[in-house]
Novice: 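Please read through the structure below; I'll follow up with questions.
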2 protein chains.
Amino acid sequence: MNNSSRFTVAIHTLTLLAHSGPDPITSEYIAGSVNTNPVVIRRLLASLRAAKLVSSQGGPGGGWQLLKDPRRISLRDVLNAVEGSSFFALHSTVPNPLCPVGRTIQSLLAGPFKSAQEALEQDLERTTIAALAERAKG
Amino acid sequence: MNNSSRFTVAIHTLTLLAHSGPDPITSEYIAGSVNTNPVVIRRLLASLRAAKLVSSQGGPGGGWQLLKDPRRISLRDVLNAVEGSSFFALHSTVPNPLCPVGRTIQSLLAGPFKSAQEALEQDLERTTIAALAERAKG
DNA sequence: GCCAGAGTACTCGGATAATCCATGTCCGAGTGCGTACGG
DNA sequence: CCGTACGCACTCGGACATGGATTATCCGAGTACTCTGGC
């Protein structure tokens with residue numbers, strides 16, 4: 001759970017798309033607002049495109065645009081798009097099955113982890129991209 | 001928020017300490033149960049020690065032991081110890097202040113992020129290290 | 001004036017280098033126990 | 001027999017390599033607009 005800023009940058013990008021209106025904007029322009037490299041934006045948007053949140057178009061006048069109404073895109077959707085389904089990672093190596101704790105810890109943690117993730121996502125669902133874009137406009 | 005297993009390994013280690021009784025156990029032994037390198041355990045336990053959850057002792061018969069009653073250590077405490085206070089990371093570089101979105105996005109996200117983190121931690125508080133150790137024992 | 005064609009500028013997408021972070025290895029510092037020696 | 005001092009084994013802690021992943025740079029592929037030439 002080493003905090004990377006992928007989630008934040010994804011929200012930033014989607015808010016920028018919602019803020020800019022229907023015309024597509026380029027990854028270079030987005031990178032200018034986020035203050036990073038365009039390729040980072042492209043890779044991030046590629047996962048958002050896989051989640052059917054945005055589309056891309058090459059050529060002059062091309063760029064990226066929203067596929068869904070920003071009022072119907074919640075932070076929960078964004079998190080799932082950029083982080084995958086399982087939020088808490090289990091051990092990277094298999095614990096020692098000869099140890100009573102190592103043998104059972106993963107199954108013991110499954111419940112609390114799932115519950116915590118659900119609580120997190122339900123809270124994130126309260127905020128939409130449209131709400132963020134609206135506040136940035138005002 | 002690239003999922004690392006620090007949180008899981010920390011829980012595993014504390015559960016092992018609670019399970020093993022009052023005598024200190026070594027980082028090498030813990031590493032055997034987690035199936036990783038002892039130095040990884042030491043670095044992780046160093047942050048748990050900073051949170052006053054465990055203590056370390058060198059020399060023969062030394063090792064690590066709990067400083068608090070495991071019934072009073074919740075997963076919330078563990079998360080705060082290993083991940084720091086802020087769970088969601090903001091941008092690693094400063095967004096462009098000339099952009100309306102870039103200028104405001106961080107302050108706009110502060111509220112939802114804090115709320116989501118609070119929801120997450122309240123759920124994690126329901127599970128204690130003692131409960132996990134008890135289940136591993138049975 | 002209008003249409004067709006080539007040319008050009010722009011954007012994404014993938015391949016390849018460079019950088020950064022996490023992990024692993026090694027050696028030193030400190031501690032406690034055991035042992036041996038002297039009283 | 002008892003106390004003290006030395007030595008040794010054990011454990012943590014920090015410094016230095018190593019591997020993988022993330023990030024940055026470069027070049028190619030595709031598209032839409034524009035300009036030019038001909039009718």
Side-chain angles (χ1 to χ4, degrees), chain A residues 1-10 12-13 16-17 20 22-50 53-67 82-84 89-95, chain B residues 1-10 12-13 16-17 20 22-67 82-84 89-95:
Chain A
M1 228 163 312
N2 145 33
N3 286 11
S4 104
S5 57
R6 284 172 57 87
F7 185 40
T8 297
V9 172
H12 183 156
T13 299
L16 197 58
L17 286 168
S20 303
D23 289 341
I25 59 180
T26 69
S27 59
E28 191 168 340
Y29 177 81
I30 299 170
S33 172
V34 177
N35 190 19
T36 184
N37 199 283
V39 75
V40 175
I41 301 297
R42 286 186 203 136
R43 279 202 255 273
L44 191 55
L45 284 176
S47 58
L48 295 181
R49 181 181 49 202
L53 294 179
V54 299
S55 64
S56 65
Q57 176 61 38
W64 301 83
Q65 48 191 349
L66 291 177
L67 275 181
V82 301
E83 297 293 343
L90 292 177
H91 303 64
S92 52
T93 63
V94 181
Chain B
M1 227 161 312
N2 143 33
N3 287 12
S4 103
S5 57
R6 284 171 55 86
F7 185 40
T8 297
V9 174
H12 183 156
T13 299
L16 197 58
L17 285 168
S20 302
D23 288 341
I25 60 180
T26 70
S27 59
E28 189 168 355
Y29 177 81
I30 299 170
S33 172
V34 177
N35 192 18
T36 184
N37 199 283
V39 74
V40 175
I41 301 297
R42 286 185 205 134
R43 282 201 257 270
L44 190 57
L45 284 175
S47 57
L48 295 180
R49 180 181 50 203
K52 301 283 193 346
L53 294 179
V54 299
S55 64
S56 65
Q57 177 62 39
W64 302 82
Q65 49 191 348
L66 290 177
L67 274 181
V82 301
E83 296 293 343
L90 291 176
H91 303 64
S92 52
T93 63
V94 181

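The chains referred to below are lettered A, B, ... by the order of the sequence lines, with proteins before strands, and numbering in each begins at 1.
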Novice: Starting at atom CD1 of B/I41, determine the distance to atom C1' of C/dA22, rounded to an integer number of angstrom.
Specialist: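 The distance from CD1 of B/I41 to C1' of C/dA22 comes to 14 Å, rounded to the nearest Å.
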Novice: Given A/V9, which of A/I30, A/I41, A/V82 fulfils the side chain to side chain contact (heavy atoms under 4.5 Å, CB included) condition?
Specialist: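 The side chain to side chain contact (heavy atoms under 4.5 Å, CB included) with A/V9 is passed solely by A/I41 among A/I30, A/I41, A/V82.
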Novice: Would you mind reading off the distance between B/H91 atom NE2 and D/dT22 atom P, rounded to a whole angstrom?
Specialist: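 Spelled out: NE2 on B/H91 to P on D/dT22 is 19 Å.
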Novice: For A/R49, what residues pass the side chain to side chain contact (heavy atoms under 4.5 Å, CB included) criterion, not counting sequence neighbours?
Specialist: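 By the side chain to side chain contact (heavy atoms under 4.5 Å, CB included) rule, A/R49 matches A/A46, A/V54, A/S56, A/W64.
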Novice: I need the CG-P distance between A/L44 and D/dT22, as an integer number of Å.
Specialist: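 After rounding, the gap between these two atoms is 13 Å.
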Novice: Among all residues two or more places apart in sequence or in another chain, which pass the side chain to side chain contact (heavy atoms under 4.5 Å, CB included) test with A/S92?
Specialist: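 Applying side chain to side chain contact (heavy atoms under 4.5 Å, CB included) to A/S92 gives B/S5.
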Novice: How many whole angstroms separate atom OH of B/Y29 from atom C1' of D/dC10?
Specialist: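 It is 18 Å, rounded to the nearest whole Å.
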Novice: Name all residues meeting the side-chain hydrogen bond (donor to acceptor under 3.5 Å, both in side chains) criterion together with B/S27; count only those two or more places apart in sequence or in a different chain, and write none if there are none.
Specialist: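 Testing B/S27 for side-chain hydrogen bond (donor to acceptor under 3.5 Å, both in side chains), a comparison that skips the adjacent residues, returns B/R42.
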Novice: Taking only residues two or more places apart in sequence, or in another chain, which ones meet B/E28 in a side chain to side chain contact (heavy atoms under 4.5 Å, CB included)?
Specialist: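 Testing B/E28 for side chain to side chain contact (heavy atoms under 4.5 Å, CB included), a comparison that skips the adjacent residues, returns B/T26, B/P38.
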Novice: Take nucleotides 10-15 of chain C nucleotide by nucleotide from the 5' end and write B, S or -, depending on whether a protein heavy atom sits under 4.0 Å from the base, only from the sugar-phosphate, or from neither.
Specialist: BBBB--
Novice: Is A/T36 close enough to D/dA24 that one of its side-chain N or O atoms is under 4.0 Å from OP1 or OP2 there?
Specialist: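 It does, given that an N or O in the side chain of A/T36 lies less than 4.0 Å from OP1 or OP2 of D/dA24.
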Novice: Take the protein atom CZ of A/R6 and the nucleotide atom P of D/dT23, then report the distance between them rounded to whole Å.
Specialist: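 The distance from CZ of A/R6 to P of D/dT23 comes to 8 Å, rounded to the nearest Å.
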Novice: Mind checking what makes side-chain hydrogen bond (donor to acceptor under 3.5 Å, both in side chains) contact with B/T13, not counting sequence neighbours?
Specialist: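 Partners of B/T13 under the side-chain hydrogen bond (donor to acceptor under 3.5 Å, both in side chains) test: none.
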